[in-house]
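Single-structure report; data block below.
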Protein chains: 2
Amino acid sequence: MNYDEAKNKFISTWGSLGTLWGINKAMAQIHALLLISPKPLSMEDIMEQLQISRGNTSMNLRQLMDWGIVFKENKMGERKEYFTSEKDVQELARQIAKERSRRELQPTIKILKDVSNIDEDGTAKTKELIKQTKALHEMADTLDILMNRVIGQDHNWITKALVKLIK
Amino acid sequence: MNYDEAKNKFISTWGSLGTLWGINKAMAQIHALLLISPKPLSMEDIMEQLQISRGNTSMNLRQLMDWGIVFKENKMGERKEYFTSEKDVQELARQIAKERSRRELQPTIKILKDVSNIDEDGTAKTKELIKQTKALHEMADTLDILMNRVIGQDHNWITKALVKLIK
DNA sequence: TCAAACTTTCAAAAAATATTGAAACATAGA
DNA sequence: TCTATGTTTCAATATTTTTTGAAAGTTTGA
């Protein structure tokens with residue numbers, strides 16, 4: 001496998017992987033491209049390499065910036081904007097964990113809390129609803145604490161966490 | 001909030017949550033319904049409660065069974081099939097972790113390994129590609145080991161893991 | 001202020017995904 | 001074997017999501 005083959009394979013794999021995780025193809029591919037690019041790329045560069053439209057590129061770059069994993073850069077004396085990705089994969093993972101907690105876990109926790117707080121009326125179905133949503137609520141809480149703990153951790157957290165869990 | 005409101009809120013929240021995670025609405029809603037139902041439900045029950053077609057119900061039930069989180073049950077003397085969900089949320093989480101590792105992590109690891117093994121040709125772009133895919137590969141490996149470790153763990157793993165990480 | 005260089009927005013089109021429903025299929029019991 | 005009672009399949013349809021591209025917007029510098 002030569003460079004171009006490897007690059008294309010990586011970008012397209014990352015793209016389809018993304019869709020599996022609810023991230024659209026273009027967004028995941030732009031991210032993959034920036035991740036392995038040694039220097040910042042302009043919008044034109046990205047459009048050309050991935051064969052996507054200007055509008056698509058613009059919108060997805062914005063989303064990636066919202067996630068805090070892609071940054072704008074300006075070259076002196078140039079109007080054009082350049083983009084880079086967070087290169088430290090552990091920092092990347094932390095940023096993603098942080099965003100997922102904020103966007104997915106927090107809202108879920110809120111609903112589960114509300115639902116599990118309905119009045120116990122003695123019927124089996126109510127008991128079951130309360131029991132199960134409470135259990136999910138507890139688990140979501142634990143997961144959230146775990147994730148936040150991990151986010152606040154230093155850069156080798158994943159290795160260290162593993163060591164702790166294994167021993 | 002009374003029982004019906006709470007139930008509907010839970011089911012519809014679980015449904016939209018699912019789409020966020022790449023799971024379709026019907027599948028997530030069927031799961032939610034079974035999770036809080038004190039007794040097994042038939043296909044008719046599910047169709048009626050969620051207002052979805054027979055075909056849709058059948059297909060999504062099959063997927064849930066493939067994931068190992070929903071089971072068929074037979075009542076004595078009845079032809080009809082009944083369905084239940086795994087009720088232990090920790091077991092549920094373990095099963096989901098196991099399936100995601102198998103379906104998502106394993107294939108990713110394979111590609112990252114291949115891509116990171118291309119020949120170093122001394123150019124900056126090749127160096128960067130190798131460096132980044134290697135870093136991702138390591139992280140995916142660690143995650144996978146961590147998940148498998150957790151899957152093999154007893155039922156209170158999540159609490160225990162938390163205690164370990166926090167102390 | 002104007003023009004050039006670039007980016008963003010958004011309605012329309014395309015693509016991907018989910019859903020329906022009826023026909024095909026399965027199976028138990030008469 | 002035939003019928004009644006169920007389930008599965010899958011082509012057609014509906015829905016949702018993504019993408020496009022051109023118009024509108026922005027900013028810089030002359």
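For the pair A:Met76 CE and D:dG29 C1', the computed distance is 18 Å after rounding to whole Å. D:dA22 atom P lies 12 Å from atom CE of A:Met47, rounded to whole Å. Taking atom CD on B:Gln63 and atom P on C:dA18, their separation rounds to 9 Å, with Å as the unit. As rounded to whole Å, 18 Å separates atom P of D:dT27 from atom CD of A:Glu78. Summarising the geometry, the separation between CG on B:Leu41 and P on D:dT7 is reported as 13 Å, rounded to the nearest angstrom. Between the P atom of D:dT26 and the CE atom of A:Met43 lies a distance of 16 Å, rounded to the nearest Å. We find that CG of B:Asp45 is positioned 12 Å from P of D:dG6, with the value rounded to whole Å. Between the CD atom of A:Glu81 and the C1' atom of D:dT28 there is a distance of 13 Å, rounded to whole Å.
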Atom pairs, N/O to N/O, protein against nucleotides 26-30 of chain C, distance under 3.5 Å?
residue, atom, partner, partner atom, Å
C:dT27, O2, B:Arg79, NH2, 2.8

N/O-N/O pairs, protein side and nucleotides 14-20 of chain D side, under 3.5 Å:
residue, atom, partner, partner atom, Å
D:dT19, OP2, A:Asn56, OD1, 3.4
D:dT19, O5', A:Asn56, ND2, 3.3
D:dT20, OP2, A:Ser53, N, 2.7
D:dT20, OP2, A:Ser53, OG, 3.0
D:dT20, OP2, A:Asn56, ND2, 3.1

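Using a 4.5 Å cut-off on side-chain heavy atoms (C-beta onward), B:Val115 and A:Thr13 make no contact. Under the 4.5 Å side-chain criterion, counting only non-hydrogen atoms from C-beta, B:Gln95 is not in contact with B:Trp67.
Few gaps surround NZ on B:Lys87; more than 12 heavy atoms of other groups in view lie less than 6.0 Å from it. Counted within 6.0 Å of CD on A:Gln106, heavy atoms from surrounding residues, nucleotides or ligands total more than 12; the atom is thus considered enclosed. Sparse packing is recorded around CD of A:Glu48, with 12 or fewer heavy atoms of other residues, nucleotides or ligands lying under 6.0 Å away.
At least one donor-acceptor pair closer than 3.5 Å links the side chain of A:Asn8 to the backbone N or O of A:Asp4. Judged purely by atom type and a 3.5 angstrom limit, A:Asp45 uses its side chain to pair as donor or acceptor with the backbone of A:Ser42.
Using a 4.0 Å cut-off between a side-chain N of Lys or Arg and a carboxylate O of Asp or Glu, A:Glu99 and A:Arg102 qualify as a salt bridge. Using a cut-off of 4.0 Å between Lys/Arg side-chain N and Asp/Glu carboxylate O, B:Lys110 and B:Asp114 are scored as salt-bridged.
The phosphate of D:dT7 has neither OP1 nor OP2 within less than 4.0 Å of any side-chain N or O from B:Arg62. Taking side-chain N and O atoms only, A:Lys80 has no distance below 4.0 Å to OP1 or OP2 of D:dT27.
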